[in-house]
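Everything on this sheet refers to the single structure shown next.
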Amino acid sequence: MPELPEVETTRRRIAPLLVGRTVAEVRTTRPSYLFLTPPARLRRALAGRRVERLERRGKYLIGGLDDGSRLVLHLGMTGQLFSSAATSPRLWRVADRAASADARTGGAAALSSPRAQRVFAPDQHTHLRLSFRDAGPEVWLRDARKFGKVLWLAPGEESERLARLGVDALAATGATLYAATRGRSVAIKSLLLDQAVIAGVGNIYADEALYGAGVRPTRRAGRVSREECERLATALRGVLERSIETGGSSISDYIAPDGSDGAYQDERRVYAREGEPCSRCGTRIWRVVLGQRSAYYCPKCQR
DNA sequence: CACTTCCCCTGCAAGC
DNA sequence: TGCTTGCAGGGGAAGT
């Protein structure tokens with residue numbers, strides 16, 4: 001589940017394969033809600049455009065094009081952005097599935113060469129494929145659950161989605177949190193997940209930051225003290241920066257553009273650890289449902 | 001306006 | 001073994 005660290009890792013690793021290159025052809029799957037900009041319009045808009053930069057805002061990736069337009073991507077729950085030249089066993093498994101699907105439908109098996117020489121193949125979940133004029137590796141967007149978003153913005157066009165975003169989670173301070181929580185009766189965790197307040201935090205890092213700060217996820221936001229807001233901001237920055245260092249968390253679906261796994265899942269203290277002993281006090285980790293989502297915490301260390 | 005619930009989607013794991 | 005059921009959750013729409 002791509003949150004800020006996974007999106008940032010994706011950005012850093014896919015940028016060298018995008019920036020400075022000119023799009024030749026855009027291939028899409030059939031229209032779906034994934035495409036906020038209709039595929040036909042997207043194809044016309046991107047063909048011939050050179051990518052000048054790739055930025056991140058919260059969980060969004062924003063490609064700046066040479067005509068001033070922008071390509072906005074959100075990876076949702078299962079979005080993966082990677083290169084057709086990636087060499088990784090994780091991606092070979094996808095390639096194998098694509099080949100068997102191809103065989104089932106009577107098409108020519110695309111992957112018969114030895115593993116070391118094979119090129120990764122798109123499957124039924126590969127919804128966007130960009131090829132480039134230099135004929136080098138393509139860049140693909142794969143999203144099994146299709147919770148992601150693809151949006152093209154004309155030069156100067158604003159986006160309500162982007163305008164709604166609050167301060168980037170890496171820049172959030174204790175003062176930011178304190179101001180945002182005053183008078184709010186929602187659970188502090190729900191507020192952390194609100195992208196209009198802080199952009200980039202998802203379920204994993206919200207739980208980890210609250211654990212680091214010793215604050216229960218269910219506490220009313222307005223009851224969190226100034227000192228606790230300071231601890232929370234520090235803990236949040238800490239877990240996000242550490243996760244970026246380790247390449248993000250590979251729980252369920254996330255893999256980096258080169259097909260590699262992140263390692264932060266091995267460092268998480270509470271997320272998806274229901275019943276396991278707290279690393280500080282040994283108490284069993286609890287799981288509660290908050291806003292239709294699981295929240296994990298130590299009932300002793302978090303008050 | 002603040003807050004909660006529902007829903008989009010698919011793969012995987014647990015249970016029978 | 002094979003089926004059904006439940007769960008994962010970003011985030012917007014709809015409901016309270």
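Letters A, B, ... mirror the listed sequences (proteins, then strands); counts begin at 1.
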What nucleotide among [options] has an atom nearest to a side-chain atom of [X]?
X      : options               : value
A:Q195 : C:dA8, C:dG11, B:dC3  : C:dG11
A:K59  : C:dG11, B:dC3, B:dG11 : C:dG11
A:Y60  : B:dG11, C:dA8, C:dG12 : C:dG12

Between [X] and [Y], is any side-chain donor less than 3.5 angstrom from a side-chain acceptor?
X      : Y      : answer
A:E6   : A:T9   : no
A:T22  : A:R133 : no
A:Y60  : A:S159 : no
A:R49  : A:S69  : no
A:R142 : A:Q80  : yes

Between [N] ([atom2]) and [X] ([atom1]): distance, integer Å:
X      : N      : atom1 : atom2 : answer
A:L290 : B:dT4  : CG    : P     : 8 Å
A:L61  : C:dG10 : CG    : P     : 16 Å
A:L192 : B:dC3  : CG    : P     : 14 Å
A:L193 : C:dG12 : CG    : P     : 13 Å
A:L165 : C:dG11 : CG    : P     : 8 Å
A:L36  : C:dG11 : CG    : C1'   : 12 Å
A:Q80  : B:dT10 : CD    : P     : 15 Å
A:R220 : B:dT4  : CZ    : C1'   : 13 Å

(message) Does A:S190 reach a base, just sugar-phosphate, or nothing at all? Heavy atoms under 4.0 Å.
(response) nothing
(request) May I ask you to verify if any side-chain N or O of A:R184 is less than 4.0 angstrom from the OP1 or OP2 atom of B:dC3? (result) yes
(request) Please check the phosphate of C:dA8 (OP1 and OP2 only) for any side-chain N or O of A:R287 closer than 4.0 Å. (result) yes
(message) Once hydrogens and angles are ignored, does a donor-acceptor distance under 3.5 Å link the base of C:dA8 to the side chain of A:R145?
(response) yes
(message) I'd like to know if the side chain of A:D168 reaches the main chain of A:R57, judged simply by a donor and an acceptor atom lying under 3.5 Å from each other, with no hydrogens or angles considered.
(response) no
(message) What's the separation between atom CG in A:L232 and atom OG1 in A:T173, rounded to the nearest 0.5 Å?
(response) 11.5 Å
For nucleotides 13-16 of chain C, give me every protein contact, N/O to N/O, under 3.5 Å, one pair per line with atom names.
none

(request) Let me know which of A:I198, A:V186, A:V201 forms a side chain to side chain contact (heavy atoms under 4.5 Å, CB included) with A:L191. (result) A:V186
(request) Using the closest heavy atom to pick a nucleotide of DNA chain B for each, name whichever of A:H125 or A:S185 lands nearer the 5' end. (result) A:S185
Every protein N/O lying under 3.5 Å from an N/O of nucleotides 5-8 of chain B:
none

(request) Determine, for A:Y297 and A:R216, whether the Lys NZ or Arg CZ falls below 6.0 Å from the six-membered ring centre while staying within 45 degrees of the axis. (result) no
(request) Tell me whether the guanidinium CZ or amine NZ of A:R280 lies under 6.0 angstrom from the six-membered ring centre of A:Y211 and within 45° of its axis. (result) yes
